[in-house]
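None of the values given here were measured: they were computed from a predicted structure. So you know, we letter chains A, B, ... as the sequences are listed, proteins then strands, and number each from 1.
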Amino acid sequence: MDTHNRSLDHDRAEHAGEMHIVRPPLYIAIFLSLLALTALTTGMSYVDLGVFNAVIALAIACFKASLVVLFFMHIHYSSRLLKMTVGAGLFTFMLLISLTMTDYISRAWGRF
Amino acid sequence: MDSQAYASATDTLPAEHGHPPFLRHHFESVSQQREAANFGMWVFLLTEVMFFGGMFCAYLIFRNWYHPAFVAGSNTLDITLGTTNTAVLIASSFTMAMSVYAAEIRRRGMLMFFLACTIVLGFVFLGIKGVEYHQKFVDHHVPGPSFSIEEFVHPSNPKALALTPDMAEKTQLYFSLYFLMTGMHALHMIIGISLLFFLLWRAYKGAYTEGHVMPIENFGLYWHFVDIIWIFLFPLLYLISRYR
């Protein structure tokens, strides 16, 4: 009950015009992390890891994209409405990829 | 609050009513207007995700089908230029994030400085991309009548596998997708830079440092989205098929 009231207060505070302002030190930290991850992913591409080269490169890309969405695009501080919207987009994209790939990957299975 | 009730309440107010000029009457508060606009922007970005998603999907499928051709095509790209461009674009995202901060703390000069930095970095990215495109024309690696499979049938790189002429022809598919995806990305950058010039001019007039952060913030979402597309294009096109 108490937490419910607090979240209502929080919503009211948001509507009163108090949007969260992200400070430069955080932006700088995210910027440097993104640069470090770029160096890491380029470096990893010179190491032979078989199929894991693609897996690791895409995992790093997903992590970088998450940093951008959460902090540069403020989703970490946004309302549940916006978090839900981003989630819906991600889900629809996964449907696009996975439903198309179920057919093609199962046909080409073992060839790559 | 019921929006209908609010609209009729404001009708009775005199012309000089108590809200900022940029707050539309159908919104209860500036932050509500800002969130509604953010929501609309995100819905637009979701359509963009599906637009680029289709191309990513095509790339994944054809890479599966003609893997040797895609590996050979990918290795003709300049990894140094690709990595540099990734860093440039990330830097431009950072300066864009700082622009939003400058608008939030209402500093006009700082806002104009960071918007200008974003424009410059955007042009640097396009310039480097232009150098890469130019090299493709020089090498006859642009799909079409002038395309040459010579490099893929008799590779100059000792690490490269020589392809049969049949498979070597499929490198055209790799380069078609390369030009389609990076070209669409570059088009988004060009649109973004054009909008940035407009925002810079409006910022100079003081439009965004009186509490009206929303246009800067929404443009920021677009710019970061374009950055995210590149974050995925870079490993897919340049990195995952390197010869080792």
Side-chain angles (χ1 to χ4, degrees), chain A residues 13-19 21-24 26-28 30-32 34-35 37-39 41-42 44-49 53-58 60-62 64-65 68-69 71-75 78-79 81-82 85-86 88-90 92-93 96-97 100-101 103-105 107-108 111-112, chain B residues 1 28-32 34-35 38-39 42-43 45-47 49-50 52-54 56-58 60-61 63-65 67 79-80 82-83 86-87 90-91 93-98 100-101 104-105 211 213 217 220-221 223-225 227-229 231-236 238-242 244:
Chain A
E14 272 190 354
H15 280 285
E18 292 162 30
M19 285 280 220
I21 295 180
V22 181
R23 305 275 157 195
L26 181 65
Y27 284 145
I28 292 169
I30 298 297
F31 173 49
L32 295 178
L34 289 170
L35 285 183
L37 286 164
T38 303
T41 192
T42 302
M44 289 299 271
S45 76
Y46 287 97
V47 186
D48 190 1
L49 300 166
N53 275 111
V55 175
I56 288 173
L58 286 174
I60 292 176
C62 288
K64 283 164 76 182
V68 174
V69 168
F71 299 105
F72 280 176
M73 296 168 98
H74 298 166
I75 285 301
S78 295
S79 63
L81 170 78
L82 285 182
T85 310
V86 177
L90 220 62
T92 323
F93 177 69
L96 171 78
I97 295 290
T100 316
M101 295 316 252
D103 186 14
Y104 288 100
I105 286 191
R107 281 199 226 173
R111 268 208 265 156
F112 65 99
Chain B
M1 187 187 214
E28 191 181 324
S29 64
V30 173
S31 67
Q32 192 200 41
R34 194 169 151 184
E35 192 182 5
N38 278 349
F39 174 64
W42 270 105
V43 172
L45 292 183
L46 297 195
T47 69
V49 168
M50 298 311 275
F52 279 99
F56 279 110
C57 220
L60 291 177
I61 290 163
R63 187 175 183 273
N64 254 337
W65 281 11
H67 188 255
I79 199 165
T80 312
T83 308
T86 308
I90 286 170
S93 252
F94 168 69
T95 56
M96 192 60 226
M98 288 302 291
V100 174
Y101 174 72
E104 277 169 337
I105 61 166
V213 181
E217 194 179 36
L221 291 179
W223 193 259
H224 297 313
F225 169 79
D227 186 23
I228 288 174
I229 293 297
I231 284 175
F232 284 100
L233 283 180
F234 174 58
L236 286 177
Y238 290 77
L239 297 182
I240 59 175
S241 313
R242 304 306 296 178
R244 286 149 195 123

For [X] versus [Y], what's the shortest heavy-atom pair and its separation?
X     : Y      : result
A/L96 : B/G54  : CD2-N, 3.8 Å
A/F31 : B/A91  : CE1-CA, 3.4 Å
B/G53 : A/F93  : CA-CE1, 3.5 Å
B/I79 : A/S45  : CD1-OG, 3.7 Å
A/A61 : B/I231 : O-CG2, 3.5 Å

Under 4.5 Å from any heavy atom of chain B - which part of A/I75: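 For A/I75, the side chain is the part near chain B, not the backbone.
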Interface moiety of A/I28 toward chain B, non-hydrogen atoms closer than 4.5 Å: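 It is both, since atoms from each part get that close.
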[X] versus chain A, heavy atoms under 4.5 Å apart: side chain, backbone, both or neither?
X      : value
B/L45  : side chain
B/L221 : both
B/V100 : side chain

Side-chain contact test, heavy atoms from C-beta onward, threshold under 4.5 Å: evaluate it for [X] versus [Y] and give yes or no.
X      : Y     : answer
B/Y101 : A/V22 : no
A/M101 : B/I61 : yes
B/F234 : A/T42 : yes
B/W42  : A/M73 : yes
B/L236 : A/L58 : yes
B/L46  : A/T92 : no

Just verifying a value: how many Å separate [X] [atom1] and [Y] [atom2], rounded to the nearest 0.5 Å?
X      : Y      : atom1 : atom2 : value
B/D227 : A/L34  : CG    : CG    : 7.5 Å
B/I90  : A/L32  : CD1   : CG    : 10.5 Å
A/F71  : B/H224 : CZ    : NE2   : 13.0 Å

Qualifying residues under ring pair (Phe, Tyr, Trp, His ring centres under 6.0 Å), relative to B/F225, sequence neighbours excluded: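 Partners of B/F225 under the ring pair (Phe, Tyr, Trp, His ring centres under 6.0 Å) test: none.
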Option that, when pairs with chain B are counted at under 4.5 Å, heavy atom only, ranks first among A/L35, A/I60, A/V69, A/L81: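 It is A/L81.
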